[in-house]
Amino acid sequence: MARPSDLEPGTFPPQAAELRRRVREFLAETPFTARCDSWLTGADPAFSRRLGERGWLGMTLPERYGGHGRSPLERFAVVEELLAAGAPVGAHWIADRQTGPSILAHGTEEQKARFLPAIARGECFFAIGMSEPDSGSDLASVRTRAERDGDGWRLHGTKVWTSGAHIAHAILVLARSAPRSDDRHAGLSQFIVPLPDERVAIRPILGLSGEHHFNEVAFDGAFVPDAMVLGRIGDGWRQVTAELAYERSGPERLLSTFMLVRLLHGRADGPAARRALGRLTARLWSLRQASLAVAGALDAGLTPEIPAALVKDLGTRFEREVIEVVREHAGVEPDPASPDPLARALAESVVQAPGFTLRGGTNEILRGIVARGLGVR
């Protein structure tokens with residue numbers, strides 16, 4: 001199976017090209033409301049199940065766990081088409097992107113058998129409980145506690161910005177399972193909490209437009225049996241670091257505003273607009289290659305923390321710059337009620353833009369990761 005490093009830049013193996021054609025046909029035949037930032041704002045469980053029926057979820061998971069044994073390049077091709085079209089992939093996104101691979105890497109056979117086939121069918125959605133109030137992107141400052149109780153653990157604490165927790169079937173929680181020490185990364189563990197749970201309160205955090213994507217999730221002694229500990233107790237930091245490489249480096253970090261580029265393409269009148277569109281296209285291509293390189297490293301079993309941080313930093317800045325270029329050259333103003341699809345997409349992008357450089361780690365945090373990796377901090 002060809003990997004990104006085996007191919008000419010920007011090329012995919014024949015099986016990936018065939019998948020891309022099939023996805024385009026499916027999207028042309030399937031009614032849906034296209035949205036900017038659809039991997040966060042476009043949750044449609046029925047659409048997710050249709051993707052699962054076609055084998056387009058859990059693509060890289062082994063067949064023995066309900067997956068399809070596809071390569072990361074094949075998954076990349078499918079995801080790229082869905083995002084470029086603004087398809088409503090938000091319901092399954094976290095489970096398919098990172099929780100499934102995390103359970104495959106660190107989970108028990110019981111956990112794999114319970115969750116992975118359901119993820120691949122589009123019937124099990126996950127949220128991730130990492131960020132906490134007043135902690136920003138500093139995951140090492142976790143205050144949510146996991147206290148030993150018989151043959152399991154009790155969780156106490158609060159998580160914020162938990163995308164999709166209100167429709168999730170489970171949440172993967174990072175909690176402190178041992179007292180703080182000088183090593184802030186020690187004593188952290190991950191726990192799978194099936195939902196709903198009477199000791200887990202999920203409260204909506206509304207966006208600027210009044211839409212509900214984020215949540216505050218409070219744990220008031222929720223019990224997690226030992227069977228639902230992911231990986232080893234105390235190994236949470238290493239596991240989360242690997243997980244964040246999936247979260248930070250995928251094509252969604254480049255394509256949240258791609259609809260604007262596509263819609264602007266037919267309206268780029270005049271040399272200045274065409275030059276601006278050309279610059280955006282060139283930058284998008286370069287960022288795409290960087291994202292593909294990280295996909296290849298993950299496929300090889302590596303943990304490309306620094307390259308993933310760079311993709312996220314550069315990619316989310318690019319997404320915001322797309323908005324400014326379109327506002328300057330498209331000749332339309334953001335209007336969510338406009339009959340013009342470009343005006344509507346521009347309005348969606350403007351509302352979502354403040355979160356681009358925050359989610360998955362602020363750009364300042366990511367640059368610190370890169371600086372440490374280069375030995376300059």
For this session: Give the cluster check for L104 versus V229: same hydrophobic cluster or not, with ILVMFWY residues linked at side-chain heavy-atom distances below 4.5 Å.
Result: yes

Problem set entry | Rounded distance [0.5 Å steps], OG in S102 versus CD1 in I128 | 9.0 Å

For this session: Could you tell me whether the side chain of E74 reaches within less than 4.5 Å of the side chain of H68, counting heavy atoms only?
Result: no

Problem set entry | Intermediate values then yes/no, salt bridge (Lys or Arg N to Asp or Glu O under 4.0 Å), R344 and E348 | CA-CA 6 Å; R344 292 198 307 272; E348 291 172 357; over 6 Å; no

Problem set entry | E319 vs Q352, side-chain contact (heavy atoms from CB on, under 4.5 Å): CA-CA, chis, key distance, verdict | CA-CA 11 Å; E319 290 181 323; Q352 295 300 117; over 6 Å; no

Problem set entry | Aromatic plane relationship, W56 with F26 - under 30° parallel, 30 to 60° tilted, over 60° perpendicular | perpendicular

Exercise. So, the side chain of S48 versus the backbone of G122: is there a donor-acceptor pair under 3.5 Å, distance only?
Worked result: no

Problem set entry | D44 vs F32 side-chain heavy atoms within contact, under 4.5 Å | no

For this session: Would you name the heavy atoms of R54 and R50 that are closest together and state the gap between them?
Result: NH1-O, 3.1 Å

Problem set entry | More than 12 heavy atoms from other groups under 6.0 Å of CZ on R180 | yes

Problem set entry | Joint hydrophobic cluster, I167 plus L57, side-chain heavy atoms closer than 4.5 Å | no

Seminar exercise, completed: OG of S256 to CZ of R320, rounded to nearest 0.5 Å, is 12.0 Å

Exercise. Are R75 and D96 close enough, and set up right, to give a side-chain contact (heavy atoms from CB on, under 4.5 Å), and what steps lead you there?
Worked result: CA-CA 10 Å; R75 181 183 182 276; D96 183 62; 2.9 Å; yes

Exercise. Mind checking whether F214 and W161 have parallel, tilted or perpendicular rings, split at 30° and 60°?
Worked result: perpendicular

Problem set entry | Rounded distance (nearest 0.5 Å) linking atom CE of M228 with atom CZ of R114 | 5.0 Å

For this session: Answer yes or no: is there a side-chain heavy-atom contact under 4.5 Å between F115 and T99?
Result: no

Exercise. Do K112 and R64 touch side chain to side chain, with heavy atoms closer than 4.5 Å?
Worked result: no

For this session: State, to 0.1 Å, how close F126 and A168 come at their nearest heavy-atom pair, and which atoms those are.
Result: C-CB, 3.9 Å

Exercise. Are F125 and I103 connected, step by step, through hydrophobic side chains (Ile, Leu, Val, Met, Phe, Trp, Tyr) whose heavy atoms are closer than 4.5 Å?
Worked result: no

Problem set entry | Heavy-atom side-chain contact between R253 and W39 under 4.5 Å | yes

Exercise. Where the side chain of S38 meets the backbone of A87, is there a donor-acceptor pair that is under 3.5 Å apart?
Worked result: yes

For this session: Search all heavy atoms of P204 against all heavy atoms of H212 and return the closest pair with its distance.
Result: CB-NE2, 3.3 Å

For this session: Report yes if the side chains of D226 and R148 come closer than 4.5 Å at any heavy-atom pair, otherwise no.
Result: yes

Seminar exercise, completed: Taking every heavy atom of E211 against every heavy atom of R35, the minimum-distance pair comes out as OE2-NH2, 3.0 Å

For this session: Working to the nearest 0.5 Å, report the span between CD of E333 and OG of S338.
Result: 11.0 Å

Seminar exercise, completed: dist S189:OG -> R176:CZ (nearest 0.5 Å) comes out at 9.5 Å

Exercise. Quick one: does D340's side chain have a donor or acceptor within less than 3.5 Å of a partner on L342's backbone?
Worked result: yes

Exercise. Is there side-chain contact between L82 and L51, with at least one heavy-atom pair below 4.5 Å?
Worked result: yes

Problem set entry | Electrostatic pair R21:E25 at N-O distance under 4.0 angstrom | yes

Seminar exercise, completed: Heavy-atom nearest pair, F219 first then V200, reads CD2-CG2, 3.7 Å

For this session: Compute whether any side-chain donor of one residue and acceptor of the other, for T158 and E216, lie under 3.5 angstrom apart.
Result: no

Exercise. Do E132 and T144 pass the side-chain hydrogen bond (donor to acceptor under 3.5 Å, both in side chains) test, and can you show the C-alpha distance, the side-chain angles, and the key distance before you say yes or no?
Worked result: CA-CA 8 Å; E132 297 193 355; T144 296; 2.7 Å; yes

Exercise. Going by an N to O cut-off under 4.0 Å, is there a salt bridge joining E324 and R327?
Worked result: no

For this session: Calculate, to the nearest 0.5 Å, the distance between atoms CZ and CD belonging to F223 and E147 respectively.
Result: 12.5 Å

Exercise. Is a side-chain donor or acceptor of S291 paired with a backbone partner of L287 at a separation under 3.5 angstrom?
Worked result: no

For this session: List the steps, then state whether side-chain contact (heavy atoms from CB on, under 4.5 Å) holds for L172 with I192.
Result: CA-CA 5 Å; L172 181 57; I192 300 173; 3.9 Å; yes

Exercise. Within the side chain of Q239, is there an N or O that forms a donor-acceptor pair under 3.5 Å with the backbone of L230?
Worked result: yes

Problem set entry | Contact summary for L260 and L346, nearest pair of heavy atoms | CD2-N, 3.6 Å

For this session: Report yes if the side chains of H329 and R275 come closer than 4.5 Å at any heavy-atom pair, otherwise no.
Result: no

Exercise. Backbone N or O of G221 within a donor-acceptor pair of the R154 side chain at under 3.5 Å?
Worked result: yes

Problem set entry | Verdict with supporting geometry, I119 and Y65, side-chain contact (heavy atoms from CB on, under 4.5 Å) | CA-CA 10 Å; I119 288 173; Y65 297 124; over 6 Å; no

